[in-house]
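In what follows, a structure is listed as structure tokens, so that the remarks can point back to it.
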Amino acid sequence: MMTHLHTIIRGHGSPILLVHGFPLDYTMWTGQIDGLADKYRVIAPDLRGFGRNEPVMADAVTMDEFADDLNDLLDSLDVAEPVCFCGLSMGGYVGFRFIEKHGERLNSLILCDTRPGADTEEGAMNRRQLAGKVLRSGSETAVEAMLPKLVSRKTNAERPDVVEQLRGTIQTTDPQSIAAALHGMAVRPDSTPLLSKITVPTLVLCGAEDTLTPPDVMRDMAAQIPNAEYVEVPETGHMAPLEDPAAVNAAIRRFLVQ
Ligand code: MLT
């Protein structure tokens, strides 16, 4: 059965699909929706279980399932022309699966603050532990685990609105959906072998102070993609598109007109 995804659609032109990170929703792309819709058709869904969607019932939602949902979404919107897939972090993990399964739909790719590798055994175990805690104690546990790692020192000091937006999104996300995505990420495959097979132009975008998916990991990822450009966004962390939308939008615009 097809999963209905709450989706914001704005503007006309070549489509850009904005795929949010964990445990967030489309609102992390507000700066891109506002800043790119003059020239592009911006499509910003909430992934299954997140944002304004119904909570999930399953124990796990895999990156393949999220990718298939997005393929169905494009079908339901009658998007026949090629799309730019832009995913942040977990959105990037979904992107790798989308390329593998529905790659013919893409004309370009933007990978923000993400990594190609699978979880280590320890990383997967930590995710399962966090999922258990979230199910027992609620989404506030995910706020405590994630929020301190999401933004740069500057954003933390100067943009309490951004920090509060992120806190609010995580707090209001259903615990079962958070746990299901954690279980899905824990079993995601290693996408490193896929990198050399990516044929579409790719922009790899990284917050210079990202500690979750740091610049050295992202630079190395870009080096393995045949037609990739690497851009580092100063004074931003893991949430670069939300922390400095002007810089990120400028990089995306430059990349898309090439
Ligand atoms: C995200 O921002 O989507 C998460 O940091 C991804 C992860 O936990 O690996």
Checklist outcome for this item: Closest non-hydrogen contact found for K101 with E104 is O-OE1, 4.1 Å

Checklist entry - Any side-chain heavy-atom pair from T27 and H20 closer than 4.5 angstrom? => result no

Checklist entry - Quick check: does any side chain N or O of E243 sit under 3.5 Å from a backbone N or O of G237, one acting as donor and the other as acceptor? => result yes

Next on the checklist: Test your reading of the model: is there a side-chain donor-acceptor pair from R188 to the backbone of M185, 3.5 Å cut-off?
Outcome noted: yes

Next on the checklist: Just so I know, are the side chains of C86 and W29 near enough to count as touching, which here means a heavy-atom distance under 4.5 Å?
Outcome noted: yes

Checklist entry - Going through the distances and angles, do R219 and E232 end up as a salt bridge (charged side-chain N to carboxylate O under 4.0 Å, His left out)? => result CA-CA 9 Å; R219 227 179 281 119; E232 216 164 276; 3.3 Å; yes

Item to check | hydrophobic_cluster_shared for V257 and L36, side chain cutoff 4.5 Å | outcome: yes

Checklist entry - Do other residues, nucleotides or ligands put more than 12 heavy atoms under 6.0 Å from E54 CD? => result no

Item to check | side-chain contact (heavy atoms from CB on, under 4.5 Å) partner of V143, the single match among T169, I170, T173, L166 | outcome: I170

Checklist entry - Just wondering, do N71 and R105 contact through their side chains at under 4.5 Å, heavy atoms? => result yes

Checklist entry - Between the side chains of H183 and D59, does any donor sit under 3.5 Å from an acceptor? => result no

Checklist entry - Do E209 side-chain atoms and V151 backbone N/O form a donor-acceptor pair below 3.5 Å? => result no

Next on the checklist: Under 4.0 Å between a side-chain nitrogen and a carboxylate oxygen: does that hold for D68 and R97?
Outcome noted: no

Item to check | Backbone N/O of G123 and side chain of T120: donor-acceptor pair under 3.5 Å | outcome: yes

Checklist entry - Can you tell me if Q32 uses its side chain to pair, donor with acceptor, with the backbone of P241 under 3.5 Å? => result yes

Item to check | Under 3.5 Å donor-acceptor, T213 side chain and D113 backbone | outcome: yes

Item to check | L212 and S89, any side-chain heavy atoms less than 4.5 Å apart | outcome: no

Checklist entry - Do H102 and L70 come within less than 4.5 Å of each other through their side chains, counting heavy atoms only? => result no

Next on the checklist: Apply side chain to side chain contact (heavy atoms under 4.5 Å, CB included) to residues N249 and D34 and explain how you reach the verdict.
Outcome noted: CA-CA 10 Å; N249 293 351; D34 291 343; over 6 Å; no

Item to check | side chain to side chain contact (heavy atoms under 4.5 Å, CB included) assessment of F98 paired with L74 | outcome: CA-CA 12 Å; F98 193 95; L74 295 178; 4.0 Å; yes

Item to check | Test side chain to side chain donor-acceptor pair (under 3.5 Å) applied to D38 - qualifying residues, sequence neighbours left out | outcome: R253

Checklist entry - Among side-chain atoms of D64 and T62, is any donor-acceptor pair under 3.5 angstrom? => result no

Item to check | Verdict with reasoning, I225 to L111, per side chain to side chain contact (heavy atoms under 4.5 Å, CB included) | outcome: CA-CA 11 Å; I225 301 174; L111 294 168; 4.0 Å; yes

Next on the checklist: Hydrophobic clustering (ILVMFWY, side-chain heavy atoms < 4.5 Å, transitive) - are V79 and L73 grouped together?
Outcome noted: yes

Next on the checklist: My understanding is that only one of D174, D69, L47, D46 makes a side-chain contact (heavy atoms from CB on, under 4.5 Å) with N53; could you say which?
Outcome noted: D46

Checklist entry - Can L135 be reached from L130 by stepping across I, L, V, M, F, W or Y side chains whose heavy atoms are under 4.5 Å apart? => result no

Checklist outcome for this item: All heavy atoms of P234 vs all of A208, minimum pair found to be CA-CB, 4.0 Å

Item to check | P215 side chain near Y230 side chain, heavy-atom distance below 4.5 Å | outcome: yes

Item to check | Heavy-atom closest pair, residues E229 and V231 | outcome: OE2-CG2, 3.6 Å

Next on the checklist: Is the ring pair F22/F50 parallel, tilted or perpendicular, if the boundaries are 30 and 60 degrees?
Outcome noted: perpendicular

Item to check | Side chains of V162 and M239 in contact at under 4.5 Å (non-hydrogen atoms) | outcome: no

Next on the checklist: Apply side chain to side chain contact (heavy atoms under 4.5 Å, CB included) to residues N107 and S14 and explain how you reach the verdict.
Outcome noted: CA-CA 10 Å; N107 60 6; S14 189; 4.0 Å; yes

Item to check | K149 and H238, any side-chain heavy atoms less than 4.5 Å apart | outcome: no

Next on the checklist: I need the minimum non-hydrogen distance between M90 and A181, along with the two atoms involved.
Outcome noted: SD-CB, 4.1 Å

Item to check | I16 side, atom CD1; L256 side, atom CG - distance, nearest 0.5 Å | outcome: 5.0 Å

Next on the checklist: If the test is side-chain contact (heavy atoms from CB on, under 4.5 Å), which one of L18, I33, L5, V19 qualifies with Y26?
Outcome noted: I33

Checklist entry - If you group Ile, Leu, Val, Met, Phe, Trp and Tyr by side-chain heavy-atom gaps below 4.5 Å, do L77 and L17 land in one group? => result yes

Checklist entry - Would a hydrophobic clustering, with Ile, Leu, Val, Met, Phe, Trp and Tyr connected at side-chain separations under 4.5 Å, put M125 with M146? => result no

Next on the checklist: Which heavy atom of A58 sits nearest to which heavy atom of A180, and what is that distance?
Outcome noted: O-CB, 3.6 Å

Checklist outcome for this item: With sequence neighbours left out, the residues meeting salt bridge (charged side-chain N to carboxylate O under 4.0 Å, His left out) with K197 are none

Next on the checklist: D161 vs Q165, test: side chain to side chain donor-acceptor pair (under 3.5 Å). Steps then yes/no.
Outcome noted: CA-CA 6 Å; D161 56 318; Q165 177 184 334; over 6 Å; no

Item to check | Sidechain-backbone polar pair: S152 side chain, T155 backbone, donor-acceptor under 3.5 Å | outcome: yes

Item to check | Shortest non-hydrogen contact from F96 toward M221 | outcome: CZ-SD, 3.9 Å

Checklist entry - Between R115 and D210, does at least one N-O distance fall below 4.0 Å, as a salt bridge requires? => result no

